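Remarks on the structure that follows.
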Amino acid sequence: MAVATVTFRRCLVNTPEAGSDEKRVGSRIFFDLNIEGREFVDVYADVQVNRQGDAALCVTSPRGYDGPLNLQVFQGLVEFYYRQVTGGSLDGLGLRLQDWMIEQEMVVEFEV
């Protein structure tokens with residue numbers, strides 16, 4: 001089975017481009033993806049969370065890559081990264097700051 005290496009680079013929090021509005025905080029996670037030597041740079045996935053305290057996240061499929069991928073594992077890794085860079089607490093996230101950029105690298109591998 002193929003192995004994917006994801007290098008998470010940065011997270012743009014509370015951006016309208018990712019679906020932020022009065023009900024949701026939309027954020028965009030940027031990363032590089034390497035699958036068996038094929039490199040995809042500046043790929044991204046959007047994350048949305050309800051502002052009313054529901055901790056469930058909605059993670060999109062990656063944009064900039066449309067090949068095979070274990071989507072469930074990928075989405076779980078994006079959620080883990082998002083919670084790490086935002087401090088683990090989603091209470092009040094993005095209520096004051098729009099287009100807040102967090103740069104933090106994290107490298108993970110998983111089977112496609």
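No hydrogens, no waters, no symmetry mates; every other heavy atom, side chains included, goes into these values. We're numbering straight along the sequence, starting at 1. Treat the numbers as computed from the prediction; the structure is a model and nothing was measured.
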Worksheet item: Shared ILVMFWY cluster between Y65 and V41, side chains joined below 4.5 angstrom?
Response: no

Practice prompt. Compare every heavy atom of P16 with every heavy atom of D99, then report the nearest pair and how far apart it is.
Written response: OD1-CD, 3.9 Å

Discussion item. In this structure, is the centre-to-centre distance between the rings of F74 and F31 below 6.0 Å?
Written reply: yes

Worksheet entry | Polar side-chain atom of Q75 near backbone of S61 as donor-acceptor pair, under 3.5 Å | no

Worksheet item: How about R38: does its CZ atom have over 12 heavy atoms from other parts shown lying under 6.0 Å from it?
Response: no

Discussion item. Does F80, at its CZ atom, have more than 12 non-hydrogen atoms belonging to other residues, nucleotides or ligands within less than 6.0 Å?
Written reply: no

Worksheet item: Is it true that L77 and Y82 fall in one hydrophobic cluster, defined by side-chain heavy atoms closer than 4.5 Å?
Response: yes

Discussion item. Are the side chains of R83 and L57 in contact, using a 4.5 Å heavy-atom criterion?
Written reply: yes

Discussion item. Is it the case that atom CG in D21 sees more than 12 heavy atoms from other parts of the structure closer than 6.0 Å?
Written reply: yes

Worksheet item: Rounded to the nearest 0.5 Å, what separation is found between the CE atom of M106 and the CD1 atom of I29?
Response: 10.0 Å

Discussion item. For a 4.5 angstrom cut-off between non-hydrogen side-chain atoms, does E111 reach V73?
Written reply: no

Practice prompt. Would you sort out whether L69 and F110 count as a side-chain contact (heavy atoms from CB on, under 4.5 Å), showing the intermediate values?
Written response: CA-CA 10 Å; L69 192 67; F110 65 99; 3.6 Å; yes

Discussion item. Using 0.5 Å steps for rounding, measure from the CZ atom of R28 to the CG atom of D46.
Written reply: 4.0 Å

Discussion item. Under 4.5 Å between side-chain heavy atoms, counting indirect links through other Ile/Leu/Val/Met/Phe/Trp/Tyr residues: same cluster for V107 and F40 or not?
Written reply: no

Worksheet item: Do the rings of Y44 and F30 sit parallel, tilted or perpendicular, given the 30° and 60° boundaries?
Response: tilted

Fill in: E36, CD atom: more than 12 neighbouring heavy atoms under 6.0 Å
yes

Item to complete: Test side-chain contact (heavy atoms from CB on, under 4.5 Å) on V49 and E79 and set out the steps.
Response: CA-CA 11 Å; V49 61; E79 181 173 342; over 6 Å; no

Worksheet item: For the hydrophobic clusters of this structure (ILVMFWY residues joined by side-chain heavy atoms under 4.5 Å, transitively), does one cluster hold both Y81 and V108?
Response: yes

Practice prompt. Dump the intermediate steps for side-chain contact (heavy atoms from CB on, under 4.5 Å) on R9 and E105, then the final yes or no.
Written response: CA-CA 5 Å; R9 302 279 182 202; E105 186 172 299; 2.6 Å; yes

Response to the item:
Separation between CG (L12) and CH2 (W100), nearest 0.5 Å, reads 11.0 Å

Fill in: Considering all heavy atoms, the nearest S20-N14 contact
OG-OD1, 2.8 Å

Discussion item. To the closest 0.5 Å, what do you measure between CG (D32) and CG (D42)?
Written reply: 6.5 Å

Fill in: Residue among V3, N70, I35 satisfying side chain to side chain contact (heavy atoms under 4.5 Å, CB included) with V112
I35

